[in-house]
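Chain naming here is simple, since letters A, B, ... match the order of the sequence lines and numbering starts at 1 in each.
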Amino acid sequence: MKTTQQLMLAAATAAVLLVSALPAAAQTSEQFIAIPSYRVGPYGTNGQSYYGGYVDYLNYLNIKEGGVNGVKLSWEECETEYNNAKGVECYERLKGKNNITHGTAINTMATGISYALIDKSVEDKVPLLMMGYGRTDAVDGSVFPYAFPLVTTYQMQISAIVKFLANKNGGSLAGKKIAYLYHDSAYGKEPIVAIEAEAALGKFKVVEIPVAHPGNEQGAQWLRIRQENPDYVIFWGWGVMNQTALKAAQKVGYARDKIIGSWWAGSEEDTVPAGDAAKGYMSATWSVSGTSVPVITDILKVLYTTGKGNMQDKAKVGSSLYNRGVSAALATVEAIRTAQAKYGKGKVMSGEQVRWGLENLNITNARLQQVGATGLLPEIKTSCENHEGSGKVKIQQWDGTKWVLVSDWIEGNKNLIHPLFKASAAKYAKEKGMTPACLK
Amino acid sequence: MLYREAGQFKTSYGADSQIFPIRQDRIGMALLLAVAFIVVPLTGSEYWFSAILIPFLVFALAAMGLNVLTGYAGQLSLGSAAFMAVGAYAAYNFQLRIEGIPLVLSFILAGCCAAAVGVLFGLPSLRIKGFYLAVATLAAQFFVVWVLTKFAWFSNDSSSGVISTPKMDFFGIAINSPVKKYVFVLGIVCVMAWLAKNMARSSTGRAWMAVRDMDVAAEVIGIPLMKTKLLAFAVSSFYCGVAGALYAFCYLGSVEPDGFSLDLSFRILFMVIIGGVGSILGSFLGSAFILLLPIFLDQVLPPLAALLHLPFTNASVSHIQLMIFGGLIIFFLIVEPHGLARLWQITKEKLRLWPFPH
């Protein structure tokens, strides 16, 4: 007993000494970007590709251009394991690392963590990026000044999917039946209000079928789909649920080219494990996969021939999630650039200034071409009223080995969907007792 | 030498039955409280409050709740997270729907709601025991999350089922900064810990322990089984409910039903096991161990790796963390199956004899 106690004492002393020798805070002359990422845990494989792309782009920009207008980018990752509590801890830790930038723009790629950070980020003046997901009513910048669900929200996305299907059917879905198969969580439930609005407008019927987390048991749901025999299945799944759905569809003999998933359900991580069953399956996406995009080709050349790439599996460079990570980093960098254009080129931007940059983003196709990202992501133009800035997705189809695009950018029905956000945001403002106002 | 009770005589019933019979303990406790209430708020950083101290206190409270049920009354439960969820959503709804309700009152009512749900799921304990009861309480885990997801009313018709907590106000003082939140949580936890300690050493606690040790014998000597067991469930769920409300209001600020998963229940159970079953102090120690060790390792491992020139990525740090964590749990359970609280007790006993052990 005595020796164990002495051992423990020695270990504790050593640890305390080590902690006191921790490196000092990040340098203030660099634009420090906090990255609460997940590379282990239930969605670790998705995170590896996504954050691999994110870090690669930052690194690439440092090597290629020495950062943004001469301001070097620095960053630190913190593992959240997709866990809300850990995510909050990471956020608190990272925002203190640099007392000017406070983490620049935080992108957790997790709805739960983002929700937990929305209020904190306003207090701390750290912009919160939720590219393609998140608290969707944050599109209204007068209520959510620091939250940015850039590119597409779930509602606009499902609206775009409905538009795509309508186009396929000669412009109207009237009289058709659509099954909405969804993960029974915040993520899967958010689009329901939008698809119901679309159904009322387009006069088609919606059958809502929830799947319990994590979704590896879908027998009953697919039996129901077989009974209802809908014209299309719109699929809002993630993680293990996606491949299970594709396999189950094959089992009950439901045509995969009539299933269309959200962008969370449209990566190689979903289709490759499903094998044969995935062929013909379609999904929405806001970032195009493949290595043919100039910036991805260049990243391969600059980083991966010199061994500086972040991905351990080089083959995954150019996969959907990797390119999504690059897109997210690109948008962050463009926000810093926009902020610098107003507040001084070559200076380190604070969280408040980056927020302004995000609210005044204008990534045109010409700009995308300049940075070598033509066709990688849609044009983004934000304002205080519209933190989404785009609302466009493309539809892609799995041909058995890769994703093939089957549509151009499709914009959801903004006139129908955006008032829903506005109403939801107003309700939130009332709950919190705040007066909506645009920040200058 | 310092820790000796020679010369301390108890001359009244009051002196004999106080919580800390030894003077050094009383002084130590007063010092600890002074540090917690005065020194820490003055010196701590925002990171410490928001990411470490508040969750530590909240989980200590939840562990205390489970400890009442599992440690003192011997009823195994896997539904702690569900009771936390009830507390969180109830407090949110009281704040939202009753104009001007004091925050503390809504927390107490939230605790009562959780207690009611706890009693409901505690009913099977009258017939079944041990692992079977664990399965019954597991039902609470799934049922509560299902109800909160299914009925949008609980989340004020939020399309996603996620609630965002309103502004907090403690009799006119806005609780808006991390320091204020910390002091607020600390206050509640201290009061509840004091109540729990007293409950445990009163006749209620003795009845719980009698039921835990041998329920047939307890019934024979006249302890009403139903009342005792259900009371344990009610008190335990009350604690978990208040912890859930604090978790939502003071820590995360926004919660979704899925956040109160089985995983969280297990974490609380581990806190009780590591900290010490049937000990109030153990709840704090267990919470500290489970919460702080990963953060500590997270801080220590990368510099250590850099020192030894090992190529560590974030992911490997996370994996190593899990390994060390698992290893330490096994180590503790072998060396001291009664948890950290028992180690502390042994240390105290040794100190009382030091330097002349017999």
Side-chain angles (χ1 to χ4, degrees), chain A residues 1 4-5 15 18-19 21-23 37-41 44 47-48 51 77-79 81 83-86 88-93 95-96 111-112 115-120 123-124 135-137 155 184-187 189-193 210 212-213 310 312 420 424 427-428 431-434, chain B residues 45-52 55 96 142 146 149-150 152 156-167 176-178 247 251-259 261 263-264 291 294-300 302-304 306-307 313-319 321-322 331 335 343 346-347:
Chain A
M1 201 62 216
T4 29
Q5 276 175 352
L18 265 170
V19 167
L22 276 177
S37 65
Y38 49 93
R39 292 170 187 258
V40 294
Q48 273 164 20
Y51 287 104
E77 278 190 56
C78 177
E79 178 64 47
E81 293 175 24
N83 175 316
N84 289 3
K86 275 199 143 176
V88 171
E89 193 264 316
C90 277
Y91 166 83
E92 294 290 348
R93 189 191 313 172
K95 82 171 187 212
T111 310
Y115 264 91
L117 296 183
I118 279 186
D119 286 348
K120 289 180 195 279
E123 274 166 34
D124 301 329
R135 175 146 198 142
T136 41
D137 47 8
Q155 283 87 342
D184 199 4
S185 67
Y187 153 68
K189 284 165 64 163
E190 282 204 9
I192 288 179
V193 43
H213 177 80
N310 191 271
Q312 279 174 354
L420 297 176
S424 172
K427 193 172 161 191
Y428 176 88
E431 234 176 68
K432 292 264 177 183
M434 59 192 267
Chain B
S45 72
E46 202 185 328
Y47 169 69
W48 270 87
F49 293 125
S50 310
I52 294 179
L96 186 74
F142 295 113
W146 177 80
T149 321
K150 178 79 183 168
N156 195 23
D157 298 311
S158 138
S159 59
S160 50
V162 181
I163 56 168
S164 179
T165 53
K167 287 203 169 75
N176 46 15
S177 68
Y247 183 70
Y251 179 39
L252 288 183
S254 136
V255 287
E256 55 177 334
D258 288 333
S261 59
D263 196 50
L264 193 64
L291 270 179
I295 296 174
F296 176 71
L297 290 176
D298 219 21
Q299 303 276 11
V300 168
L304 188 68
L307 214 66
T313 63
N314 257 37
S316 41
V317 168
S318 213
H319 288 300
Q321 224 180 64
L322 277 178
F331 173 80
V335 174
L343 276 181
I346 291 172
T347 317

Task: OH on Y51(A) to CD on E77(A), rounded to 0.5 Å - done: 8.5 Å
Task: Part of Y187(A) within contact of chain B (heavy atom distance under 4.5 Å) - done: neither
Open item on the list: Using a 3.5 Å distance criterion without hydrogens, assess whether the side chain of S424(A) forms a donor-acceptor pair with backbone atoms of L420(A).
Closed with: no
Open item on the list: So for N156(B), is it side chain, backbone, both, or neither that comes closer than 4.5 Å to the heavy atoms of chain A?
Closed with: both
Task: Non-neighbouring partners of P302(B) that pass side chain to side chain contact (heavy atoms under 4.5 Å, CB included), sequence neighbours left out - done: V317(B)
Task: Contact origin within L96(B) toward chain A - heavy atom pairs under 4.5 Å - done: side chain
TODO: Would you mind checking which part of F49(B) comes under 4.5 Å of any heavy atom in chain A, side chain (CB onward), backbone (N, CA, C, O), both or neither?
DONE: neither
- [ ] State whether the side chain of T165(B) and the backbone N or O of G253(B) hold a donor-acceptor pair below 3.5 Å, judged by distance alone.
- [x] yes
TODO: Give a yes or no on whether the backbone of R39(A) and the side-chain of Q48(A) come within a donor-acceptor separation of less than 3.5 Å.
DONE: yes
- [ ] Identify which part of A212(A) has an atom lying under 4.5 Å from any heavy atom of chain B, answering side chain, backbone, both or neither.
- [x] neither
Task: Sidechain N-carboxylate O distance under 4.0 Å for E431(A), K427(A) - done: no
TODO: Let me know if N84(A) has heavy atoms under 4.5 Å from chain B in its side chain, its backbone, both or neither.
DONE: both
Open item on the list: I'd like to know which of G259(B), A306(B), S164(B) tops the heavy-atom pair count under 4.5 Å against chain A.
Closed with: S164(B)
Task: Contact class of N310(A) relative to chain B, heavy atoms under 4.5 angstrom - done: neither
